[in-house]
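As the structure is a computational prediction, the values presented were derived from the model and not from experiment. Values below: every heavy atom of this structure, side chains too, minus hydrogens, waters and symmetry copies.
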Amino acid sequence: MPILDLPNFQVVDSEELEKSIRLVLETVSDPTVCQACRDLTAKIVKYGKRKQRYMDMPIRGKAVDLLVRRKRFRCYSCNQTFFEHLEDMVPGRLMTKRLKEYIEQEGIHRPFTSIAKETGLKEKTVRDIFHIHIDKIARKFRFETPEVLGIDEIHLLRVSRFVVTNIKEKTVIEMLANRNKPTVINFFRSLDASKVKYVCMDMWNPYRDAVREVFPNARIIIDKYHIVRMASEAMESVRKKLRADLTTKQRRRLKNDRFTLLKRRHALNDKERLNVDIWSKAYPLLGAAYELKEAFYEIWDDKEQGAQSARARYYAWREAIPEDLIPDFQKILTCFMNWEMELFGYFTAPYTNAYTEGLNSRIRDLDRKGRGYTFNVLRVKVLTAEGVHKKTVSAPKYDKNAFSVSNSLMSGIPYETNYGVDISTFMAMVDKGDIK
């Protein structure tokens, strides 16, 4: 197998430094045709050499510096001189083609600064290569309309972006520059409306208007997370108002009340359960708020009950709210006035927007790690790493045994060359002339 997995080169010298590895290379064969006139019968002769520096794939986390003794030739037919063509190098980039592919591949998952440090390149060079790469990728993006559409927004670069997912396949479909109603409608119109059966979304009127306009037959589903948390907020409102009217001594008796009261009943330990009982007897409105919070959660815990049963239980729950607590629970009551059909849609289909919500956290992590990303770069990173497009952006298939591309290089696993020896032994063999 060729040294370095670069069949056109041979190693003539090597040196391992603290942060890099330097290899001196020469091509294994000379050109037979003039690069200038392309005359097949012309006689060409060597006309000197020039050392040219190229960067290659990192080895064991160290940058690899290739010093190529590039040969120069003269053609007797056209009297022109030319340098040999280096097939494995990127024109104008002074790097190997596989390093360029490595940057394109790693750039999807890693910050540019990390790649630049590992490869010995400038961050701007890494960024430029990836920008060109994503422009090519973006033009190839294709997607099919999903049956279950997930939509959400995420605040990035001071703007709310619109995220679209395929809930069933758990993949990203698109991330748009904003969530404005015209933008959302225009995107929806690019889909096949007849295929969309469900749309999982937040309670935001422009989303609902857009869905109803473009997908009139689709059923809207609001995740229970967006509604049940309002019960906890209502109980917390009651707790805060109560504490505001208590003396310092009375407040001490409510130690850890917030933490305890926000927990579900089944998650309480014996001591916490006892405290809740004591607090409920001492402060009946606080106890009533806790019971209302638990009863509301229990409605949404039973997804198998169906929309009709859930609706009946909600109506009964609503009637049980004491008059004094209605202002605290008014937010829930208002939501059901405006979104009742969509909220009970949660009980009509086996889908939630959990994937989209979780995806937003990963997008934020990606944005935070790569500070300075433009929206276009971040969008392509998200789509290629998480989206339906990830199947169309395949990673280069490097030889596992190739000298400079083993996966073990970055993992700390003892590295062996294709000759079955470690790199230090390999370099010693090169110096002695045992490997040519």
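Residue-environment remark: CD (Gln330) exceeds the threshold of 12 foreign heavy atoms within 6.0 Å. More than 12 non-hydrogen atoms from other residues, nucleotides or ligands lie less than 6.0 angstrom from CZ of Arg273. Enclosure of atom OH in Tyr225 is not indicated, since only 12 or fewer non-hydrogen atoms of other residues, nucleotides or ligands lie within 6.0 angstrom. By the neighbour-count criterion of 12 heavy atoms within 6.0 Å, atom CG of Asp270 is sparsely surrounded, having that number or fewer from other residues, nucleotides or ligands. Heavy-atom contacts from other residues, nucleotides or ligands closer than 6.0 Å to NZ of Lys263 number more than 12. The environment of NZ in Lys241 is crowded: more than 12 heavy-atom neighbours from other residues, nucleotides or ligands sit within 6.0 Å.
Residues meeting the ring-ring contact (aromatic ring centres under 6.0 Å, His included) test with Phe296, sequence neighbours left out: Trp300, Trp317. For Tyr351, the ring-ring contact (aromatic ring centres under 6.0 Å, His included) test picks out Tyr198, with sequence neighbours left out. Residues passing the ring-ring contact (aromatic ring centres under 6.0 Å, His included) test with Tyr54: none are found, sequence neighbours excluded.
Between the side chains of Glu101 and His133, no donor N or O sits under 3.5 Å from an acceptor N or O. No side-chain donor from either of Ser280 and Asp277 sits under 3.5 Å from a side-chain acceptor of the other. Judged purely by distance below 3.5 Å, without hydrogens or angles, the side chains of Gln250 and Arg243 never pair a donor atom with an acceptor atom. For the 3.5 Å distance criterion, the side chains of Glu319 and Tyr314 fail to qualify, holding no donor opposite an acceptor. Counting only N and O atoms by type, the side chains of Ser237 and Asp328 include a donor and acceptor under 3.5 Å apart. If you check the side chains of Asn178 and Thr183, you find a donor sitting under 3.5 Å from an acceptor. Side chain to side chain, Asn353 and Asp223 fail the donor-acceptor criterion of an N or O pair below 3.5 Å.
Heavy atoms only, all atoms of each residue included: Thr165 and Val163 are closest at CG2-CG1, 4.1 Å. In terms of heavy-atom proximity, Ala310 sits nearest to Ile299 at O-CG2, 4.0 Å.
Looking only at distances, a side-chain donor or acceptor of Lys97 sits under 3.5 Å from a matching main-chain atom of Glu87. Remark: side-chain polar atoms of Tyr346 are not paired, donor with acceptor, to backbone N or O of Ile222 under 3.5 angstrom. Between the side chain of Thr260 and the backbone N or O of Asn256, at least one donor-acceptor pair lies under 3.5 Å.
Annotation: side chain of Phe82 is in contact with side chain of Pro31 (closest heavy-atom distance under 4.5 Å). For the pair Thr125/Arg93, a side-chain contact is recorded, criterion being any heavy-atom separation below 4.5 Å from C-beta on. Annotation: side chain of Arg22 is not in contact with side chain of Ser14 (no heavy-atom distance under 4.5 Å).
Distance check, rounded to the nearest 0.5 Å: CZ of Arg229 to OH of Tyr297 gives 10.0 Å. With rounding to the nearest 0.5 Å, the separation of NZ in Lys303 from OG1 in Thr348 is 8.0 Å. We find the NZ-CG distance between Lys19 and Asp65 to be 15.0 Å, quoted to the nearest 0.5 Å.
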Practice task
Start with the C-alpha distance between Glu118 and Lys62, add both sets of side-chain angles, then the distance that settles salt bridge (Lys or Arg N to Asp or Glu O under 4.0 Å), and finish with yes or no.
Solution key: CA-CA 6 Å; Glu118 180 188 33; Lys62 290 187 176 184; over 6 Å; no
Practice task
Any chance you could lay out the salt bridge (Lys or Arg N to Asp or Glu O under 4.0 Å) test for Asp301 and Arg264, step after step, and finish with the verdict?
Solution key: CA-CA 11 Å; Asp301 285 343; Arg264 296 295 309 280; 2.9 Å; yes
Problem - Intermediate values then yes/no, salt bridge (Lys or Arg N to Asp or Glu O under 4.0 Å), Glu236 and Arg239 - result: CA-CA 5 Å; Glu236 180 67 358; Arg239 187 192 68 84; 2.7 Å; yes
Problem - Steps toward salt bridge (Lys or Arg N to Asp or Glu O under 4.0 Å) verdict (Asp257, Arg251) - result: CA-CA 9 Å; Asp257 57 334; Arg251 288 174 188 157; over 6 Å; no
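Ring-plane geometry between Phe162 and Phe187 is classed as perpendicular, the angle between the planes exceeding 60 degrees on a 0 to 90 degree scale with a lower cut at 30.
No option in Ile129, Val64, Leu121 other than Leu121 meets the side-chain contact (heavy atoms from CB on, under 4.5 Å) test with Leu99. Between Arg70 and the choices Gln52, Glu84, His85, the side-chain hydrogen bond (donor to acceptor under 3.5 Å, both in side chains) rule is met once, by Gln52.
For the pair Arg179 and Trp204, the cation-pi test (distance below 6.0 Å, angle within 45°) is passed. A cation-pi arrangement is absent between Arg318 and Phe336 under the rule of less than 6.0 angstrom and at most 45 degrees off the ring axis. Relative to the six-membered ring of Trp339, Arg208 meets both conditions, a distance below 6.0 Å and an angle of at most 45° to the axis.
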